[in-house]
Amino acid sequence: MSRAVRALIERLGERRPRVALVLGSGLGALVDAVEAPLRIPYAEIPGFPVSAVSGHADEIVAGRLAGVEVLILSGRIHYYESGDAAAMRPMLEALKAVGVEILVLTNAAGSVNAAIAPGEVMLIDDHINFSGRNPLISEPSDARFTGMTTAYDAALRETLAAAAADVGETLHRGVYMWFSGPSFETPAEIRMARVLGADAVGMSTVPETILARFLGLRVVAASVVTNYGAGMTGDELSHTETKDVAPRGGAKLARILAAALPEIAT
Ligand code: HPA
């Protein structure tokens with residue numbers, strides 16, 4: 001057993017959540033809805049990568065959300081912080097080792113689809129890995145040839161869609177395209193993304209999805225749209241905008257997830 005897993009089990013005590021959530025930039029408010037939260041700073045788990053990106057709390061929060069035992073990763077490390085696409089691997093391996101089976105990924109993203117406005121939420125049906133990077137490069141086992149045909153679990157996606165309808169929140173659906181960042185895209189790149197079939201662009205989630213599928217976790221993911229892609233309006237893009245707008249969509253996503261969790265966990 002790795003030091004990370006031992007440390008995590010020690011801190012979790014009897015808790016053995018089957019569902020883990022990863023919160024993106026500015027989405028930390030979901031944590032406020034957790035009952036009886038146990039907070040574990042990443043810094044206290046050996047090998048857990050601490051993200052220096054502002055808007056990320058860098059802590060695990062264990063507790064109950066909508067009556068379901070969950071593990072929330074408030075903050076994630078991004079490829080652009082180190083150039084390591086597998087930066088999240090130790091964390092996801094530790095989640096798997098303590099019994100997590102389902103991974104709910106969230107992110108802040110730019111919309112390249114005029115019908116999906118800032119402040120709205122998009123369920124990720126599929127992704128395009130435009131970064132040219134893959135977190136399984138240098139993995140020696142045959143498991144590296146991970147199938148991605150059903151990367152985003154069909155049943156879990158339907159559960160989220162049904163939950164959104166139940167609580168009366170609009171949940172768009174679309175394709176997320178991973179750009180490495182950290183600079184934002186150019187207008188030409190945004191036009192390209194649209195032509196290639198993307199609805200949203202962002203700097204995370206795809207490597208985590210690949211790693212999670214490699215590890216055998218079921219994945220469902222959603223984007224909170226914080227802005228239209230570069231060139232779609234006259235405005236320059238900024239991380240400040242991402243952090244400012246994310247909580248609006250984050251509140252919608254929190255309502256959808258709270259409604260979906262009891263079903264997700266069954
Ligand atoms: N591009 C990439 N990542 C993002 C964006 C964007 O426009 N907005 C929030 N994250």
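Ligands are counted one by one from 1 in listed order, and the atoms in each one are counted from 1 as well. For the single chain, residues carry numbers from 1 onward in sequence order. Here the structure is a predicted model, which is why all the values come from computation and not from measurement.
Interface of T226 with ligand 1, defined as ligand atoms under 4.0 Å from a residue heavy atom, comprises 8 (N), 9 (C). Of all atoms in ligand 1, numbered sequentially from 1 with element shown, those under 4.0 Å from a heavy atom of L237 are 7 (O). Listed by atom number, the atoms of ligand 1 under 4.0 Å from T242 heavy atoms are 9 (C). Annotation for ligand 1: atoms under 4.0 Å from non-hydrogen atoms of N227 are 5 (C), 6 (C), 7 (O), 8 (N), 9 (C). Shown in contact with A108 at under 4.0 Å from a heavy atom are these atoms of ligand 1, numbered in order with element: 9 (C), 10 (N). Listed by atom number, the atoms of ligand 1 under 4.0 Å from G110 heavy atoms are 4 (C), 5 (C), 6 (C), 7 (O), 8 (N), 9 (C).
Within 6.0 Å of CZ in R133 there are 12 or fewer heavy atoms belonging to other residues, nucleotides or ligands.
Residue E120 forms a side chain to side chain donor-acceptor pair (under 3.5 Å) with just one option from K252, R248, H172, and that option is H172.
Ring orientation note: the planes of Y42 and F48 are nearly perpendicular, at an angle over 60° on the 30°/60° scale.
For the pair A109 and ligand 1, a heavy-atom separation below 4.0 Å is found. F184 counts as a contact of ligand 1, since one of its heavy atoms falls under 4.0 Å from the ligand.
A donor-acceptor contact shorter than 3.5 Å is absent between the side chain of E44 and the backbone of P41.
Side chain to side chain, S131 and Y79 fail the donor-acceptor criterion of an N or O pair below 3.5 Å. For E236 and S238, the side-chain atoms include no donor-acceptor pair closer than 3.5 Å.
Here the protein heavy atom with the shortest distance to atom 3 (N) of ligand 1 is G202 CA, 3.4 Å.
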Self-check item: Pair R39-E59, salt bridge (Lys or Arg N to Asp or Glu O under 4.0 Å): steps then yes or no
Solution: CA-CA 7 Å; R39 294 171 181 268; E59 62 180 8; 2.4 Å; yes
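The shortest N or O to N or O distance between E185 and ligand 1 is below 3.5 Å.
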